[in-house]
Participant: 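Quick one: the structure is below, questions incoming.
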Amino acid sequence: MEKDLSKLDLQNYKPLREIVFQYLREAIIDGALKPGERLMEVQLGEKLGVSRTPVREAIRKLELEGLVVMEPRKGAYVADVSLNDLLNVLEIRSVLEGLAASLASKRITEQELAILKSKLYEFNESLARKNKKEIIEKDIELHDIIFKASRNKRLISLVDSLREQVHRFRIRYINRFNSSNRLGEEHRDIIEAISQGDSEKAKEYAEKHIKSAQEFILQQVDEKFKKNTTRSK
């Protein structure tokens, strides 16, 4: 458990069970509590400085959201994201990203475009420092600007509904992805097409950006399969 679970804000006005729920939820989504990690009520309660009751209630609520799995006689575990789940989310995300970039190329303001370019610069600076936390933050900010510039509330609502799944994937992807410079180049291509008002190119580059992530995941799975096969011989 890498996250420091002793800094729970008990002065918050929300009910205690809600504070614990939000805290554990964030820890799971951010990857501090990793897939497969066991969630023990007593241990968590001690770390957070609360009784086991709000912890138990929080875990049950996390189970309803699909972030926790309960196994009979074994307890609660952080749910993993299956390969199919990831690929399904990315298929949808690819379409949404392409549409958002296409619409943004027609509707983005000069001010938004300036902010978008500054975010690209900040993203590349984070890449150069190999600061993964900053890379993830700047990646989120950059994509959010493009979706906002689409001026399509329904589209933004759809992508918000996938935000947690995408964020969990984003963390795992960036943490394992070595060719980081390619991420900066892909972002640059999308932004250049948007700034030129080229909706077709913006759509193409945005979809390609997500599909490259799909290819990386499949490559990782293939390499893992080959390693397991080699060991079994």
Side-chain angles (χ1 to χ4, degrees), residues 2-3 26-27 29-32 81 86-87 89-152 155-156 158-220:
E2 295 179 3
K3 188 177 179 66
E26 181 182 335
I29 292 171
D30 287 345
V81 182
L86 282 177
L87 293 179
V89 168
L90 288 176
E91 282 179 355
I92 298 170
R93 181 80 183 197
S94 175
V95 175
L96 299 181
E97 289 278 359
L99 177 58
S102 176
L103 294 175
S105 69
K106 304 171 186 176
R107 301 171 181 176
I108 195 167
T109 66
E110 289 297 324
Q111 183 180 10
E112 286 172 328
L113 189 56
I115 296 172
L116 187 58
K117 289 179 179 179
S118 71
K119 289 300 176 187
L120 176 61
Y121 175 80
E122 292 172 7
F123 179 85
N124 288 331
E125 287 289 295
S126 299
L127 282 178
R129 291 194 297 271
K130 296 183 179 179
N131 187 322
K132 291 181 179 178
K133 183 179 179 181
E134 280 189 12
I135 292 170
I136 291 168
E137 289 173 354
K138 299 306 173 184
D139 187 61
I140 293 170
E141 291 172 5
L142 192 151
H143 284 272
D144 281 351
I145 292 168
I146 294 174
F147 274 100
K148 181 182 176 183
S150 73
R151 302 287 184 273
N152 188 312
L155 176 58
I156 295 169
L158 281 172
V159 78
D160 280 345
S161 69
L162 297 172
R163 187 171 291 272
E164 289 166 12
Q165 296 96 317
V166 170
H167 189 54
R168 291 186 79 188
F169 154 74
R170 181 183 268 120
I171 291 170
R172 295 176 68 178
Y173 176 49
I174 289 178
N175 282 339
R176 297 180 185 182
F177 192 53
N178 295 321
S179 303
S180 297
N181 288 338
R182 198 172 87 194
L183 294 174
E185 292 167 1
E186 289 173 359
H187 284 150
R188 181 201 63 204
D189 289 341
I190 297 168
I191 293 170
E192 282 185 0
I194 290 174
S195 66
Q196 293 168 5
D198 191 333
S199 61
E200 288 300 317
K201 281 293 182 184
K203 179 175 182 292
E204 176 187 337
Y205 289 138
E207 290 180 350
K208 184 179 178 182
H209 174 55
I210 303 301
K211 286 176 181 176
S212 69
Q214 289 177 294
E215 291 169 4
F216 174 78
I217 291 172
L218 291 172
Q219 180 184 349
Q220 292 289 301

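All of these numbers come straight from a predicted model, not from anything done at the bench.
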Participant: Could you tell me whether the side chain of Leu86 reaches within less than 4.5 Å of the side chain of Gln214, counting heavy atoms only?
Facilitator: no
Participant: With the threshold set at 4.0 Å, does a side-chain nitrogen-carboxylate oxygen contact exist between Glu134 and Arg129?
Facilitator: yes
Participant: Under the salt bridge (Lys or Arg N to Asp or Glu O under 4.0 Å) test, which residues partner Asp139, sequence neighbours left out?
Facilitator: Arg170
Participant: Rounded to the nearest 0.5 Å, how far does CD of Glu204 lie from CD1 of Ile190?
Facilitator: 11.0 Å
Participant: As an exercise, state the distance from CD1 of Ile115 to CD of Glu110, rounded to the nearest 0.5 Å.
Facilitator: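 So the CD1 of Ile115 and the CD of Glu110 are separated by 11.5 Å.
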Participant: If you apply the rule side chain to side chain contact (heavy atoms under 4.5 Å, CB included), what do you find for His167 with Ile136, and how did you get there?
Facilitator: CA-CA 9 Å; His167 189 54; Ile136 291 168; 3.7 Å; yes
Participant: Using a strict 4.0 Å threshold on nitrogen-to-oxygen distance, state whether Glu185 and Arg182 make a salt bridge.
Facilitator: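 Here Glu185 does not pair with Arg182 in a salt bridge, since their nearest N and O are not under 4.0 Å apart.
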Participant: If you define the side chain from C-beta out and look only at heavy atoms, does anything of Leu158 sit under 4.5 Å from Leu162?
Facilitator: no
Participant: Between Phe123 and Leu183, is any pair of side-chain heavy atoms under 4.5 Å apart?
Facilitator: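 SC-SC contact between Phe123 and Leu183 confirmed.
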Participant: In terms of side-chain geometry, is the basic nitrogen of Lys203 or Glu200 positioned less than 4.0 Å from the acidic oxygen of its partner?
Facilitator: no
Participant: Could you measure the distance from the CD atom of Glu192 to the NZ atom of Lys201? Nearest 0.5 Å is fine.
Facilitator: 12.0 Å
Participant: Drop me the distance from Ile156's CD1 to Ser161's OG, to the nearest 0.5 angstrom.
Facilitator: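 With rounding to 0.5 Å, CD1 (Ile156) is 12.5 Å from OG (Ser161).
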Participant: Keeping the roles fixed (side chain from Asp30, backbone from Ala32), state whether a donor-acceptor pair exists under 3.5 Å.
Facilitator: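 No: the side chain of Asp30 does not pair with the backbone of Ala32.
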Participant: Do any N or O atoms from the side chain of Ser126 and from the backbone of Glu122 form a donor-acceptor pair under 3.5 angstrom?
Facilitator: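 Answer holds: yes.
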Participant: Do the side chains of Ser195 and Lys117 get nearer than 4.5 Å, heavy atoms only?
Facilitator: yes
Participant: Decide yes or no for Ser94 and Glu91: does some side-chain heavy atom of the first lie under 4.5 Å from some side-chain heavy atom of the second?
Facilitator: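 Contact flag for Ser94/Glu91 side chains = no.
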Participant: Quick one: does any side-chain atom of Ser150 pair with a main-chain N or O of Phe147 as donor and acceptor, under 3.5 Å?
Facilitator: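 Yes.
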Participant: Exactly one of Leu120, Ile108, Ile145 should register a side chain to side chain contact (heavy atoms under 4.5 Å, CB included) with Ile191. Which one does?
Facilitator: Leu120
Participant: Hey, are Asp144 and Arg163 close enough for a salt bridge, meaning a charged N less than 4.0 Å from a carboxylate O?
Facilitator: yes
Participant: When rounded to the nearest 0.5 angstrom, what distance separates CD1 in Ile146 from OG in Ser102?
Facilitator: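 Between Ile146 CD1 and Ser102 OG, I get 12.0 Å after rounding to 0.5 Å.
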Participant: Yes or no on side chain to side chain donor-acceptor pair (under 3.5 Å) for His209 and Asp189, after CA distance, side-chain angles and deciding distance?
Facilitator: CA-CA 9 Å; His209 174 55; Asp189 289 341; over 6 Å; no
Participant: Calculate, to the nearest 0.5 Å, the distance between atoms OG and NZ belonging to Ser118 and Lys138 respectively.
Facilitator: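 These two atoms lie 8.5 Å from each other.
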Participant: For a 4.5 angstrom cut-off between non-hydrogen side-chain atoms, does Leu87 reach Leu218?
Facilitator: yes
Participant: Is there side-chain contact between Lys119 and His187, with at least one heavy-atom pair below 4.5 Å?
Facilitator: no
Participant: When you compare the side chain of Leu90 with that of Ile217, does any pair of heavy atoms fall below 4.5 Å?
Facilitator: yes
Participant: Locate the shortest heavy-atom distance separating Ala193 from Ala202; write the atom from each residue and the value.
Facilitator: CB-N, 3.4 Å
Participant: Please collect all salt bridge (charged side-chain N to carboxylate O under 4.0 Å, His left out) contacts where either partner lies in residues 92-103, sequence neighbours excluded, each pair once.
Facilitator: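 Salt bridge (charged side-chain N to carboxylate O under 4.0 Å, His left out) check on residues 92-103 returns Arg93-Glu97.
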